[in-house]
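Just so we're clear, the structure is a prediction, and the values are computed from it rather than from any experiment.
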Amino acid sequence: MNIFIPTDLKRLAALFPSDKPLYLVGGYVRNWLLGVNGGDFDVASALSVEALHAVAAEHGFSIIPVNPKIGSVLIKNKTFAAEYTSFRVDSYPIGSGAHSPTEVRFTDDIEEDARRRDFTANAIYYDIRKEALVDVLNGAEDVKNGVLRTTDNPERVLSEDGLRIMRMVRLAAETGFAIDRDTFETARRLSPRLKDISAERIRVELEKTLVADLKYPRLHAAKNQKTDTGENATAGSGENLYSGIGGCDGENLYPGGGENLHAGAGRYRDDVFPETGAFFEDLANDEYPSLHERGVRLLCAVGAIEYVIPRLTDGRGVIQNQKYHNYDVYGHTMRALRYAPAEIRLAALLHDIAKPICVQKYGTMLAHPEVGAEITETILSALKFPKAVIKETVRLVRLHMYDLEGNTGTNKLRIFVLENNDILDKLILLKIADAKASSGARSVSAERLIAVRQKMLDEKTPFSLKDLLIDGDDLSAAAVSPQLRSTVLARLLRLALNDASLRTREAQLNRIKSLAAEAEKEMNNAPRPGDKPPV
């Protein structure tokens, strides 16, 4: 069988006793059956870790402990690395959904090892020395049919580790697989087990789901050529108007869009879960979600989203102004996610998170950007996202409605571009996705931002302090005190934004002293701690 195995991994397999051969198992084997390359090397055998040391260490392989309790080590040399686990049976606390087993029993039985894994598609073994599949649970058939089902009773498998529910959804999104009906229904009932999983692990699965369409592009391109040749095959593709945004060209503006937009999310056989439930009901008969969108819809359908992005499903049934919107808040959010490039999908998912609560509290959605920014910060902080990601996403949510109808004055818009240039590319992309998901319209606001920034670039407008033609040495030579220098430079930058006469070095040098005098006067007149307020 033509599966790529590194030479040194074959050499390692040759060291194992014939009655306890070394197997490749998991995603690498599944992907090979799907016709796509890649994945980590996960290997397993009935051989104990202690015995592995004896056969491998003296032949140039390093053995690095990963989790000795469960018989897991890293085997590596200069050409490859593989995680090794001894065949085992895991025991978990009953009903807890905890991620780690409390007890482990090692075994020589490959079927017992297979059944302690999550899904049959991930429990297919490949005997490296014999170059042969060993498929005790008929996982290859499920891969062929594009079905995710648990290796054993779904009640046991999913209750052992609540994170498997999110992993199930993520794999379904990445591969385009359908979910076995019993597996899905059990996951829906057991989704509260996610409350026992750490925020960091949940965040990782969410992040992977949001880029599910980028995991196996060749797989879905091949499927799409056979199944998706109609109008939807080109939905969401980029247009030349937005070329040059953040390095994107027309074709690449929407990663996962174009031909691959709906690949892998077609109609499924009757014996697997049909995606016709409440969280898919806004889709027309001939419309299918993108892979990453489908992943989020599945998280909603299975109930897991309540432990990931609370309030996201509150938008179901919340009707919007039909002059601008074809869908309720939930349907609009899913489509914004569909059209969003990978780098703004988190913001697209959260940009309208506050609309339902604003309608409930104020009877209007007008305040949703500000309220949404606060909710976004709370949600992303709870999921332990990096502070920089939180800060950026909060800003995008807060600003996504800015100049929505294109009525902001040009000078004010230039100031906005200057102050937000660090996230402007992403804000433009979010506005485009938002508009496209509303009624399929173009974004007037995005077009204005693109045009204004380009004009500023053409005029050689300074965008930051480093773009000014003077620096700290010039301020020192002009006897500007150190505590005033940052203020002087900031004001000069703002003035040069809309005053072309201040874009020469001479003009900037001539303006230093007057700006310093203004700043000093304001500093001297500013109230000091302990001063009594004026009567």
Side-chain angles (χ1 to χ4, degrees), residues 241-249 253 343-344 347 373 387-389 391-404 406-432 443-523 526:
L241 171 68
Y242 305 115
S243 63
I245 301 175
C248 295
D249 57 25
L253 179 60
E343 62 267 33
I344 62 157
K387 290 182 179 179
V389 173
K391 183 178 179 181
E392 178 182 272
T393 308
V394 166
R395 285 177 67 195
L396 290 171
V397 171
R398 179 176 287 115
L399 298 175
H400 79 274
M401 294 286 286
Y402 182 81
D403 189 38
L404 184 66
N407 296 324
T408 303
T410 301
N411 285 351
K412 189 174 181 181
L413 202 61
R414 288 168 68 96
I415 293 172
F416 180 86
V417 170
L418 176 71
E419 293 177 341
N420 296 285
N421 191 49
D422 60 322
I423 62 164
L424 199 66
D425 284 335
K426 293 181 179 180
L427 182 61
I428 289 168
L429 292 171
L430 179 59
K431 284 175 170 289
I432 293 169
S443 171
V444 173
S445 177
E447 292 174 17
R448 289 195 76 206
L449 288 172
I450 293 168
V452 166
R453 181 174 60 176
Q454 188 57 53
K455 191 170 189 300
M456 292 168 65
L457 289 169
D458 293 341
E459 294 172 350
K460 298 186 174 5
T461 304
F463 278 81
S464 65
L465 296 181
K466 67 181 181 183
D467 294 332
L468 292 174
L469 302 176
I470 62 171
D471 57 23
D473 291 339
D474 295 312
L475 295 176
S476 178
V480 177
S481 61
Q483 63 266 38
L484 295 178
R485 290 175 188 175
S486 61
T487 301
V488 169
L489 289 173
R491 292 186 179 185
L492 185 57
L493 177 65
R494 180 65 68 90
L495 290 170
L497 174 65
N498 290 315
D499 186 348
S501 68
L502 282 173
R503 295 175 194 157
T504 67
R505 175 171 169 77
E506 182 181 5
Q508 291 175 13
L509 287 171
N510 290 336
R511 197 61 183 270
I512 289 175
K513 289 187 177 180
S514 62
L515 289 175
E518 290 173 10
E520 185 172 18
K521 182 178 179 181
E522 290 179 10
M523 183 179 68

In Å, rounded to the nearest 0.5 Å, how long is the span from [atom1] of [X] to [atom2] of [Y]?
X	Y	atom1	atom2	value
Glu459	Leu497	CD	CG	9.0 Å
Gln508	Leu468	CD	CG	5.0 Å
Asp471	Leu465	CG	CG	11.0 Å
Leu493	Glu419	CG	CD	9.5 Å
Asn421	Phe416	CG	CZ	10.5 Å
Leu427	Ser445	CG	OG	7.0 Å

Would Lys431 and Asp403 count as a salt bridge (Lys or Arg N to Asp or Glu O under 4.0 Å) here? Give the steps.
CA-CA 10 Å; Lys431 284 175 170 289; Asp403 189 38; over 6 Å; no
State, to 0.1 Å, how close [X] and [Y] come at their nearest heavy-atom pair, and which atoms those are.
X	Y	value
Ile512	Ala478	CG2-CB, 3.8 Å
Leu429	Ile344	C-CD1, 3.4 Å
Ala519	Thr487	CB-CG2, 4.0 Å
Asn407	Arg448	N-NH1, 3.9 Å
Val480	Ala516	CG2-CB, 3.9 Å
Leu469	Arg503	CD1-O, 3.4 Å

Can Arg395 and Asp422 be said to form a side chain to side chain contact (heavy atoms under 4.5 Å, CB included), step by step?
CA-CA 11 Å; Arg395 285 177 67 195; Asp422 60 322; 2.7 Å; yes
Using the salt bridge (Lys or Arg N to Asp or Glu O under 4.0 Å) criterion, which residues pair with Arg485? Sequence neighbours excluded.
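If we apply the salt bridge (Lys or Arg N to Asp or Glu O under 4.0 Å) test to Arg485, skipping adjacent residues, there are no hits.
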Taking side chain as C-beta onward, heavy atoms only, is [X] less than 4.5 Å from [Y]?
X	Y	result
Ile423	Lys391	no
Thr410	Arg414	yes
Asn420	Leu399	yes
Leu413	Tyr402	yes
Leu489	Ile470	yes

Counting heavy atoms not belonging to Gln483, are there more than 12 under 6.0 Å from its CD?
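Check passes, neighbour count above 12.
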Determine whether Leu515 and Leu495 satisfy the following criterion, side chain to side chain contact (heavy atoms under 4.5 Å, CB included), listing intermediate values before the conclusion.
CA-CA 11 Å; Leu515 289 175; Leu495 290 170; 3.8 Å; yes
Would you please test Arg511 and Asp499 for salt bridge (Lys or Arg N to Asp or Glu O under 4.0 Å) and show each step?
CA-CA 12 Å; Arg511 197 61 183 270; Asp499 186 348; 5.1 Å; no
Apply the side-chain contact (heavy atoms from CB on, under 4.5 Å) test between Glu392 and each candidate in Glu343, Lys426, Lys387; give the one that qualifies.
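Going through Glu343, Lys426, Lys387 one by one, the side-chain contact (heavy atoms from CB on, under 4.5 Å) with Glu392 is satisfied by Lys426 alone.
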